Every structure is written in C-alpha cells, then in structure tokens.
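For reference, the structure is listed below as structure tokens.
For the numbers below, each heavy atom of this structure counts, side chains included, while hydrogens, waters and symmetry mates do not. Bear in mind the structure is a predicted one, so any value in this text is a computation, not a measurement.
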Amino acid sequence: MEYYKRALELREETVANRRWFHANAEVGLHMPKAQAYVMERLTEYGLAPRACGEGVAATLGKGGRVLLLRADMDALPMPEESGEPFACPTGTEAHACGHDFHPAMLLTAARMLKEHEDELAGTVRLMFQPAEETFEGAGNMIEHGILEGVDAALAFHVSPGRMPVGLFMYNSGGTMMYSVDGFRITVRGRGSHGAYPQNAIDPINIAVHIYLGLEALIAREVDPGKACVLTIGNFSAGSAANIIPDTALLQGTIRTNDKAGRELLVRRMKEVAVRTAEVYGGSAEVEMISEVPPLICDAGLTDEMVGYMTEQDIPGLTPVPGISASASEDFASVAELVPTAYMYLSAGFPDERGDAPAHNPKVRFNEDVCPIGAASLAHCAVRWLENHS
C-alpha cells in the first residue's frame, strides 16, 4: 500500500481537521470539544473509540504485537497573532506548538489503516492525548491503561522555522529532549509595618537568598559536561510598598539531559529552599508541579523507524540525526515504560513565514507536512508489525 499517495488524496480532509483543532483550541487536561471531535471522526472511519482518562484511545488490527501511535492535541494559554483566517477567536488559547497537526495526521493515518485493517500483522493502538504542555496528559492516560499490552510506541512532533518541509529529525544515541521538574516554593515569614523590620521575619529577604543559592547549584554542583538548566520564572510577594508580607513565592523549572544531574538538582533545590529559610527564621514549603524524565528514545527502535521512513517515496524526505532539544515532552513518561521512537517533522517555510518560533503568537506552520505525517504514521506502523509479528 502506498500510504503517501492515499494521504495526498486525503490532504484536504487532514487540513480541515487541523484547522478545526486550531480554531477550537483547548488547553490543559480537560478537552471536551477535542475529545468529542476525535471520537466522532474515528467512529465515522469504522473504529470504536473510547475515553481513556481525559484522552481518547482506539484499537485496530487482529491481535498480536501492539504498536502505539500517539498524538497530543492541547494548545497554549496565550493569544494568537498568526494572521491565519482560521485562528482561534478567543484570544486566550492558541495552537502555537503545532499540536493541532498531530491529531489531524493521526486521524488520517487511522482512516488509512482501517481501510487495510485485514492486512495488518498485529495491532495498532491510537492515543489522542491532552495536556502535554502542562505535562499531565501522558500520565493521566497511562493511569487509565493506555499502555496495557503495548510493545512499542511512536510519536511525531511538527517543527516550525526557516526550513523546508520534508526533514525528519531524531536521536537514536542519547537524550532527545530534557527532563522537566517544575516547582513552587512558598516562603513563610512574619509580616510587619515596613518601618519596623525588626518585628518581622521578611520572606522577601529569605526568597532572595534562596534564589541566589539556587543559582549557585548550577555554577558549583552539577557536572559542567552535562546540560542542566534551573530557571526561576516567577517571584512574587506583597501588595504594598510599606508592608512586609507574611509570604513570598518562587516558581521555576529544572531541565536536564542527564538522570543523575536531574536527581541532584531536584534534591538540592529542596534542601537549599528549606534550610535557607530556617537560617533566617522562616520556613519554606516545596511543591512539585511537574515531574517528567528526559526523553530518551530506544536506539534500536528509532533506527528501525528511520529505515521505514526512508522506504517511502516522498519527495525531499531527508533524515537529520543527532537532534537534542532543551525543551521537554511528557511522552518521556511513555518512553520510560516501553521502547519508544520520537521524531520531529519539519513544518516550516523558507521565507519570512518561518521567522517566528514555536510558542510565539506569530508562529505559522506549513500544511504540506500533513500528508507526510499521516503517511509516515501508517507506513511505520504497518512495517513494524510485519517485522515483529
């Protein structure tokens, strides 16, 4: 079966689905419109979808080995300035990371696989996932059994920028994407009138020293040969210039490409916060708001999938190995449990339309990637099942 040829025939349908997700962007774990839309489309294609946690799962095939195909479908809580006629109208949600493409491509792959279901040498499980941006969705669906019986998993992520459509980027020898450990530090002191600081335990002073102590962790405690990032993105306290408040808040993120470095930084972040607060007479409470490991793909599976990608007769399809990014991806939670392959598909433009990066209000994505992604999902699934039946 020439899946790319069929995907070209279904291009307008894939684009229409992509634009529906784009215009009806939803954020977070609860995505009722997207969940209903996916289930409606899959039912039309002859599948029997079901809710899996806050996402959607469906299965096709005839038993045997099971390959999971995953598509995240959540947007970002931000305005859109793309200028596209199908832009999200709310002004508070935007598909600025390309997650509108992923479910659209997987829907088309599902349709094509269903058309040739009798030829499958095993089983394909579909995973339509919410809340990747908040690092909750994969865990939610894992808790509800999405990985039960799964032998391997594959996911694609579109990528904008000044580049041609047709590149597929991967890493089969190391960390593809960094871990992410988001944290919230609540510093508690004792408030007072600003004219009488001696009567207070100043949580702002404590928080400043915690901030400086956390900076020193990167400078002096982590292996300089590893990539480690610790960023405080929110520092807030008080409401008036002449009042020392009771509390201060620090929120940040730790990202690494190294498991040992991640364990060290998370542990030492907590110790620095708690003990620094004690030195100045206050207290600190650390809450972890995301805990996702580095995305480390299975080398053998990735090389195998790269081989299947290159079998396709797709003009300009070009492998780009050795890619690593300091962004994070909760598909890493799947990769910890089953052999996984993950690839970027270029969806950029060679002109000024490719200037804005992902997570930018002005970012634009090239819809020519739609048949490439749909065909590649279907082809890789069929070939993997043939070789592992």
Side-chain angles (χ1 to χ4, degrees), residues 67-72 97-99 101-102 105 132 138 152-180 218 222-229 253-262 292-312 314-350 354 357-359 363 365-366 368-369 372-373 375-377 379-381 383-384 387:
L67 178 71
L68 176 81
L69 300 178
R70 176 269 205 160
D72 46 355
C97 198
H99 296 186
F101 281 85
H102 304 160
M105 295 187 302
E132 190 284 322
L154 171 66
F156 293 141
H157 196 301
V158 296
S159 181
R162 278 208 180 223
M163 64 178 116
V165 170
L167 307 180
F168 65 97
M169 298 157 272
Y170 61 94
N171 189 321
S172 58
T175 301
M176 180 84 178
M177 299 181 77
Y178 289 14
S179 64
V180 56
I218 297 294
V222 300
D223 182 347
K226 305 294 183 180
C228 297
V229 176
T253 181
I254 294 170
R255 298 176 188 250
T256 78
N257 68 349
D258 176 63
K259 289 183 178 180
R262 178 194 181 203
V292 175
L295 175 58
I296 302 174
C297 296
D298 182 86
L301 178 65
T302 299
D303 288 340
E304 185 177 357
M305 291 297 181
V306 169
Y308 300 148
M309 291 288 288
T310 59
E311 292 174 349
Q312 301 180 94
I314 299 178
L317 194 64
T318 305
V320 182
I323 296 297
S324 182
S326 57
S328 304
E329 160 65 80
D330 80 346
F331 194 57
S333 298
V334 174
E336 272 201 321
L337 300 174
V338 299
T340 292
Y342 183 93
M343 301 183 195
Y344 290 115
L345 297 179
S346 60
F349 298 92
H359 290 222
V363 68
F365 294 84
N366 194 329
D368 288 345
V369 75
I372 297 175
S376 296
L377 286 165
H379 178 80
C380 288
R383 294 288 289 115
W384 187 86
N387 284 332

Next on the checklist: Give me each pair satisfying side chain to side chain donor-acceptor pair (under 3.5 Å) with a member in residues 295-304, each pair once, sequence neighbours excluded.
Outcome noted: Ser172-Asp303, Glu304-Tyr308, Glu304-His388
Checklist entry - Where do Ser346 and Met163 come nearest, in terms of heavy atoms and distance? => result CB-SD, 3.4 Å
Checklist entry - Should Arg255 and Ser179 be marked as a side-chain hydrogen bond (donor to acceptor under 3.5 Å, both in side chains) after you check the CA-CA gap, both sets of side-chain angles, and the distance that decides it? => result CA-CA 5 Å; Arg255 298 176 188 250; Ser179 64; over 6 Å; no
Checklist entry - For Glu132, does its backbone N or O pair with a side-chain atom of Asp72 as donor and acceptor, under 3.5 Å? => result no
Checklist entry - Less than 4.5 Å apart, any side-chain heavy atom of Ile218 and any of Cys228? => result yes
Checklist entry - Would His99 and His102 satisfy side chain to side chain contact (heavy atoms under 4.5 Å, CB included), going step by step from the backbone distance to the final call? => result CA-CA 5 Å; His99 296 186; His102 304 160; 3.7 Å; yes
Checklist entry - What's the verdict on side chain to side chain contact (heavy atoms under 4.5 Å, CB included) for Val165 and Ile372, showing C-alpha distance, side-chain angles and the deciding distance? => result CA-CA 9 Å; Val165 170; Ile372 297 175; 3.5 Å; yes
Checklist entry - Is Tyr178 close to Ser324 at the side-chain level, that is, under 4.5 Å between some pair of heavy atoms? => result yes
Checklist outcome for this item: Tightest non-hydrogen contact, residues Cys380 and Leu154, listed as CB-CD2, 3.8 Å
Item to check | Distance-minimising heavy-atom pair for Gly261 and Thr256 | outcome: C-CG2, 4.2 Å
Item to check | Nearest non-hydrogen partners of His359 and Cys97, listed with the distance | outcome: NE2-SG, 3.4 Å
Next on the checklist: I'd like to check Phe156 versus Arg70 (side-chain heavy atoms, cut-off strictly below 4.5 Å). Are they in contact?
Outcome noted: no
Checklist outcome for this item: Here the gap from Thr310 atom OG1 to Met305 atom CE, rounded to the nearest 0.5 Å, amounts to 12.5 Å
Next on the checklist: Please give me the minimum heavy-atom distance between Phe331 and Ala153, naming the atom from each residue.
Outcome noted: CZ-CB, 3.9 Å
Next on the checklist: Run the side chain to side chain donor-acceptor pair (under 3.5 Å) test against Asp368 and tell me which residues pass, sequence neighbours left out.
Outcome noted: Arg11
Next on the checklist: Once rounded to the nearest 0.5 Å, what's the spacing between atom CE of Met343 and atom CG of Leu377?
Outcome noted: 10.0 Å
Item to check | From Thr175 atom OG1 to Ile296 atom CD1, the distance as rounded to the nearest 0.5 Å | outcome: 4.0 Å
Checklist entry - Roughly how far, to the nearest 0.5 Å, is OG1 of Thr340 from CE of Met176? => result 12.0 Å
Next on the checklist: Apply side chain to side chain contact (heavy atoms under 4.5 Å, CB included) to residues Ile314 and Met309 and explain how you reach the verdict.
Outcome noted: CA-CA 9 Å; Ile314 299 178; Met309 291 288 288; over 6 Å; no
Checklist entry - Rounded to the nearest 0.5 Å, what separation is found between the CG atom of Leu67 and the CG atom of Leu301? => result 7.5 Å
Checklist outcome for this item: Nearest heavy-atom contact between Ala332 and Val292 is CB-CG1, 3.9 Å
Checklist entry - Which residues pass the side chain to side chain donor-acceptor pair (under 3.5 Å) test with Ser159, sequence neighbours left out? => result none
Next on the checklist: Whether the His157 and Glu329 side chains hold a donor-acceptor pair (N or O, under 3.5 Å, no angle test) is what I'd like checked.
Outcome noted: no
Checklist entry - Is the closest side-chain heavy-atom distance between Pro294 and Met177 below 4.5 Å? => result no
Checklist entry - Can the ring centroids of Phe168 and Tyr344 be said to lie less than 6.0 angstrom from one another? => result no
Item to check | Intermediate values then yes/no, side chain to side chain contact (heavy atoms under 4.5 Å, CB included), Lys226 and Asn257 | outcome: CA-CA 7 Å; Lys226 305 294 183 180; Asn257 68 349; 4.1 Å; yes
Next on the checklist: Keeping Ser333 on the side-chain end and Ala138 on the backbone end, is there a donor-acceptor pair under 3.5 Å?
Outcome noted: no
Next on the checklist: To the closest 0.5 Å, what do you measure between CE (Met169) and CG (Leu345)?
Outcome noted: 7.0 Å
Checklist entry - Is there a side-chain contact between Tyr170 and Val306 (heavy atoms, below 4.5 Å)? => result yes
